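Below is one structure, written out as C-alpha cells; the observations come after it.
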Amino acid sequence: MTETDSQQGTLGVAILRIVLGLTILFTWWGNISDDFYTADGLRGFFDWVFLSAEDGGNGSSLSFIESIIDNTVLRAAGFFGLLQTIAEGLIGLGLLIGGFTRLASLLALLFFSGLFLTYFGGEEWIWTYVVLMAASLTVFLNYGGRMLGVDQLLARSRGESPLGMLW
Amino acid sequence: MIPGWNLALARVLMGLLWLYSLRWKLPPDFESSTETPLREWLELEVEHAAFGFYGDLIDSLVLPNFMLFAWLIFLAELAVGLSLLLGAFTRTGAAVGLMLSLNLLVGLFEVPGEWPWSYILMAMWHGTLLMSNAGHVWGLDGLRNSRKETQ
C-alpha cells in the first residue's frame, strides 16, 4: 500500500513531534527524580491543585474533575502512579523517535486535555496546555512520524496500520 | 505542508494566548489586583536570572525606565496578538512573537514555578507560523491576497 499525500510526513510536523517528545521526556525524568509518580507524590499534587489559591494551592475550579480524580486516581494512587510513569515514558519515546506516532500523539492529546481540565480556573498558566494540545493534535492529524521517524519505515514495509491508528 | 486549517487554528490560539496574557500588564499603571503584575515579573527575572547579562540588563536598563518598557511590551504583545488572531501581516506577527517567546524563555528560565518548555513550545509554534502561510486560511492575509489576484 502506498502513502497518500496527506499521509506523507513534513519537516515542520517532524520538528513539532521531536520537540514535543523531548518536552515530555525531560519532564518525565524530572518527575521521577522528584518522586512525583509515587502514591504520596500524586496525592500531594492533587491536594495542591484543588487547594484554594488563598491557602497556597492552585485553586482549580472544575469540581467534577476533582470528583473524578478523588474516585479514581486517588483511590489507587500507587497503581496510577506506576501507570503514569510507564505511559508518559512511552508517549515521550514514541514521539521522539517517531514510532507508533499516531497512537502516541493521540494519547498525548488526551493527557494534555486532562491536565488542561485539571488546572482550569486556577493559578497555573493554562495556555501551556493549549500549546501542548495544539502540538499533539497537529502531530496526530499530520502523521508526524512519517518523516525522520520509525513510522516512515513501518509504513513502507508494512503498509498502513489497522485503522491508521498506530503509525 | 501542514494543512491550512490546522495552521490557522494554531495561529488563532497563539493570538488569543498573547491577548489573554495582557491581563497583568494593562496601562496606564501596568498593575493587576488578581495576577502577578509586570514589574514583579521583571524583578523575579533579576532575582533568579539564569544568565547574568540578562539580569543585569533588566536591572540597569528596563526597571529604571519601567514605564517606557511596559508600554513597549504591552504594544508589542497587543500587536502580535491581533496579528495572529486576525491573520494580518502574519509572518511579521509571528517573527515578533518568536522573539518575545525567546525573551520569555531566557528571562524566566530559572524563575521558581516556571516551566521553560512552555516558552520553547511557544517559540516552536511561532517559528512554524513564520515559515508558513498561516494567514492565508481564515485570515486577512488571505483576503488581501485573493483581492490582489482578482485585480
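Values below: all heavy atoms of this structure, side chains included; hydrogens, waters and symmetry mates excluded. Protein chains get the first letters and strands the later ones, always in sequence-line order, with residue 1 at the start of each. Small disclaimer: the values here were computed from a predicted structure and weren't measured.
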(request) Could you have a look at A:L132, A:I15, A:I126, A:L20 and say which one has the most heavy-atom pairs with chain B under 4.5 angstrom? (result)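 Looking at each option in turn, the highest pair count goes to A:L132.
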
(request) Tell me, for A:F26 versus chain B, whether the close heavy atoms (under 4.5 Å) come from the side chain, the backbone, both or neither. (result)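 Contact with chain B involves the side chain of A:F26 alone.
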
(message) Which atoms of A:L22 are under 4.5 Å from chain B, going by heavy atoms: the side chain, the backbone, both sets, or neither?
(response)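 For A:L22, heavy atoms of backbone and side chain both lie under 4.5 Å from chain B.
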
(request) Give a yes or no answer on whether the side chain of A:R17 reaches the backbone of A:L95 with a donor-acceptor pair at less than 3.5 Å. (result)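 Between the backbone of A:L95 and the side chain of A:R17 there is a qualifying donor-acceptor contact (under 3.5 Å).
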
(message) For A:W48, is there any backbone N or O sitting under 3.5 Å from a side-chain donor or acceptor partner on A:N58?
(response)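 Side chain of A:N58 to backbone of A:W48, a donor-acceptor pair under 3.5 Å: no, none is there.
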
Measuring heavy-atom distances to chain A, does [X] have an atom under 4.5 Å in its side chain, in its backbone, in both, or in neither?
X: B:T34; answer: neither
X: B:L9; answer: side chain
X: B:M122; answer: both

(message) Using the ring centroid of each side chain, check whether B:W71 and B:F30 are separated by less than 6.0 Å.
(response) yes

(request) Start with the C-alpha distance between B:D141 and B:N133, add both sets of side-chain angles, then the distance that settles side chain to side chain donor-acceptor pair (under 3.5 Å), and finish with yes or no. (result) CA-CA 9 Å; B:D141 287 347; B:N133 289 323; over 6 Å; no

(request) Flag the pair B:K25 and B:E40 as a salt bridge only when some basic side-chain nitrogen lies within less than 4.0 angstrom of an acidic carboxylate oxygen. (result) no

